[in-house]
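Below: one structure, written as structure tokens.
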Amino acid sequence: GDTYCNETLAADMPIGFHAAGESTWATHPAYEKFSLEAYLGTPIRCRGKVWGTLNFSSPQRRATPFSEAETEFVQLMSVWIGSELHRLALENDLRQREAELKAMFEASPIGLFTTDAAGFCKKVNPRYSELSGLSEQQATGAGWRQAIHPGDRERVFREWHEAAEAGETYESDHRFQRPDGEVIWSHVKAAEVRDGHELIGDVGTVEDISHRKATEQELRRAAFYDPLTDLPNRALILDRIEQALERSRRDSGYHFAVLMLDFDHFKSVNDNYGHNIGDLLLISIATRLQKLLRNTDSIGKAAGKHLPA
């Protein structure tokens with residue numbers, strides 16, 4: 001190369017001389033161009049790669065060659081510079097990673113939250129606020145608790161503390177009740193963050209599962225309720241009868257009865273007035289019978305025009 005530094009990089013080791021004009025360095029382009037007589041340089045390494053050189057040069061000759069101690073001192077300085085460059089690079093990487101994580105946190109389509117070791121909320125993202133109805137300021141500390149549906153709070157608090165005491169991941173389905181009264185089903189999962197053995201806190205996710213819960217409810221109703229009259233169907237009535245039989249086996253003082261209602265001439269209604277009128281008649285009868293029942297009574301639609309009670 002045209003400089004002494006290039007020679008240092010190529011050698012990948014310290015290079016030094018005290019009188020270039022009296023040595024083979026006299027024909028080097030750097031000497032011919034800059035007349036630098038004395039030079040001492042060593043590579044600087046950062047992250048396993050050569051980053052540059054630390055060098056000292058002078059147009060004045062030195063009386064003596066560079067000593068071993070001087071060369072070692074320059075090498076130590078290059079190591080320190082390399083470590084500082086590494087530290088600065090790590091800080092820059094950390095800033096970039098923090099910026100990326102912040103952007104992901106803010107833009108996530110899933111609710112996110114962090115807590116301290118005591119379980120107090122430190123930070124929530126915008127999606128969490130949308131689901132819970134709480135601003136970040138309202139949710140921090142113990143404020144997140146007010147978003148839990150009153151019917152689920154005791155269970156949620158108990159399961160959270162049980163998971164924390166066992167050092168396990170918390171996972172649960174529960175409801176949010178927003179300040180406007182809207183109820184949202186959510187799936188919440190939280191895992192511990194540790195520095196070695198020291199608990200730092202938890203990070204968690206909140207997913208809106210209202211649609212899934214509604215679908216499950218519809219499937220349950222389709223499996224156990226008659227779609228026309230909304231009465232328990234044959235499967236559910238048989239299950240309730242089985243439960244009553246089981247109870248009567250355990251308790252000799254418990255008695256129950258099963259009554260089967262059948263409508264005469266119902267086929268004539270369908271034939272003369274159409275099935276739509278027949279359906280309306282069944283709905284009307286079911287509604288009237290339900291109003292006559294006690295809380296302990298059950299009525300259902302077994303099939304066609306048969307109503308067991």
Side-chain angles (χ1 to χ4, degrees), residues 1-110 112-117 121-127 136 140 191-205:
D2 293 338
T3 66
Y4 298 149
C5 293
N6 288 335
E7 302 295 341
T8 304
L9 293 174
D12 196 23
M13 60 182 295
I15 288 180
F17 45 84
H18 68 291
E22 299 176 359
S23 68
T24 57
W25 292 99
T27 59
H28 194 278
Y31 182 77
E32 294 176 346
K33 185 174 183 179
F34 301 109
S35 300
L36 296 174
E37 290 285 352
Y39 172 86
L40 177 59
T42 188
I44 298 174
R45 291 179 176 82
C46 178
R47 293 185 167 186
K49 297 181 179 180
V50 176
W51 182 83
T53 66
L54 171 65
N55 62 84
F56 301 89
S57 58
S58 172
Q60 302 297 323
R61 297 182 181 183
R62 282 172 54 97
T64 59
F66 289 102
S67 67
E68 183 176 339
E70 290 173 318
T71 301
E72 184 177 352
F73 176 73
V74 172
Q75 286 181 295
L76 289 174
M77 287 187 64
S78 72
V79 171
W80 176 81
I81 293 173
S83 65
E84 284 297 296
L85 291 171
H86 182 64
R87 180 183 63 80
L88 293 173
L90 289 177
E91 290 179 354
N92 184 60
D93 290 345
L94 181 60
R95 283 193 297 270
Q96 291 183 5
R97 182 64 58 85
E98 288 176 344
E100 291 171 357
L101 290 176
K102 182 179 180 181
M104 292 171 62
F105 189 84
E106 296 294 326
S108 172
I110 296 176
L112 301 173
F113 64 90
T114 63
T115 77
D116 61 18
C121 183
K122 295 170 57 181
K123 189 174 181 60
V124 300
N125 73 338
R127 180 56 175 163
E136 182 173 5
T140 52
E192 291 183 342
V193 178
R194 290 184 175 273
D195 183 3
H197 296 291
E198 181 184 0
L199 177 63
I200 304 299
D202 287 84
V203 294
T205 61

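Between R194 and L199, the shortest heavy-atom distance links the atoms NH1-N, 3.6 Å. Here the closest non-hydrogen pair linking H86 and C46 is N-SG, 3.6 Å. In terms of heavy atoms, G21 sits closest to Y31 at CA-OH, 3.4 Å. In plain terms, the two heavy atoms of A19 and R61 that are nearest each other are CB-CD, 4.1 Å. Here the closest non-hydrogen pair linking L9 and G52 is CD2-O, 3.7 Å. What you find for E136 and K122 is that their closest heavy atoms are OE2-O, 4.3 Å.
Salt bridge E91/R87: present, at least one basic N to carboxylate O contact under 4.0 Å.
With contacts defined as side-chain heavy-atom distances shorter than 4.5 Å, the pair D12/R45 qualifies. Contact check for Y39 versus C5: side-chain heavy atoms found under the 4.5 Å cut-off. Side-chain contact between F66 and V74 is absent, with no heavy-atom pair separated by less than 4.5 Å.
Other residues, nucleotides and ligands place no more than 12 heavy atoms under 6.0 Å from the CZ atom of R97. Within 6.0 Å of CH2 in W25 there are more than 12 heavy atoms belonging to other residues, nucleotides or ligands. With a 6.0 Å radius and a threshold of 12 heavy atoms from other residues, nucleotides or ligands, E68 has its CD atom at or below the threshold.
The CG atom of L40 sits 10.5 Å away from atom CZ of F73, with the distance rounded to the nearest 0.5 Å. Between atom CG of residue N55 and atom OG1 of residue T8 there is a gap of 7.0 Å, rounded to the nearest 0.5 Å. Note that CG of L101 and CD of E106 are 11.5 Å apart. Values are rounded to the nearest 0.5 Å. Between atom CG of residue L76 and atom OG1 of residue T71 there is a gap of 11.0 Å, rounded to the nearest 0.5 Å. Note that CD1 of I200 is 12.0 Å distant from OG1 of T114, once rounded to the nearest 0.5 Å. Going from atom NZ of K123 over to atom SG of C121 covers 10.0 Å, rounded to the nearest 0.5 Å.
Under a 3.5 Å cut-off, the side chain of S108 and the backbone N or O of F105 do not form any donor-acceptor pair. One N or O on the side chain of R127 and one on the backbone of P109 form a donor-acceptor pair closer than 3.5 Å. A donor-acceptor pair under 3.5 Å is absent between the side-chain atoms of Y4 and the main chain of S57, judged by distance alone. Side chain of E70 to main chain of S67: a donor-acceptor pair is present (N/O by atom type, distance under 3.5 Å, no hydrogens or angles). In terms of modelled atom types and a separation under 3.5 Å, the side chain of E192 and the main chain of D202 share no donor-acceptor contact.
Applying the side-chain contact (heavy atoms from CB on, under 4.5 Å) test between L112 and each of V124, V203, N125 identifies N125 as the sole match.
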Residue pair F17, H28: steps toward the side-chain contact (heavy atoms from CB on, under 4.5 Å) verdict: CA-CA 13 Å; F17 45 84; H28 194 278; over 6 Å; no
Hey, mind stepping through L85 and I44 against side-chain contact (heavy atoms from CB on, under 4.5 Å) and telling me if it holds? CA-CA 10 Å; L85 291 171; I44 298 174; 4.0 Å; yes
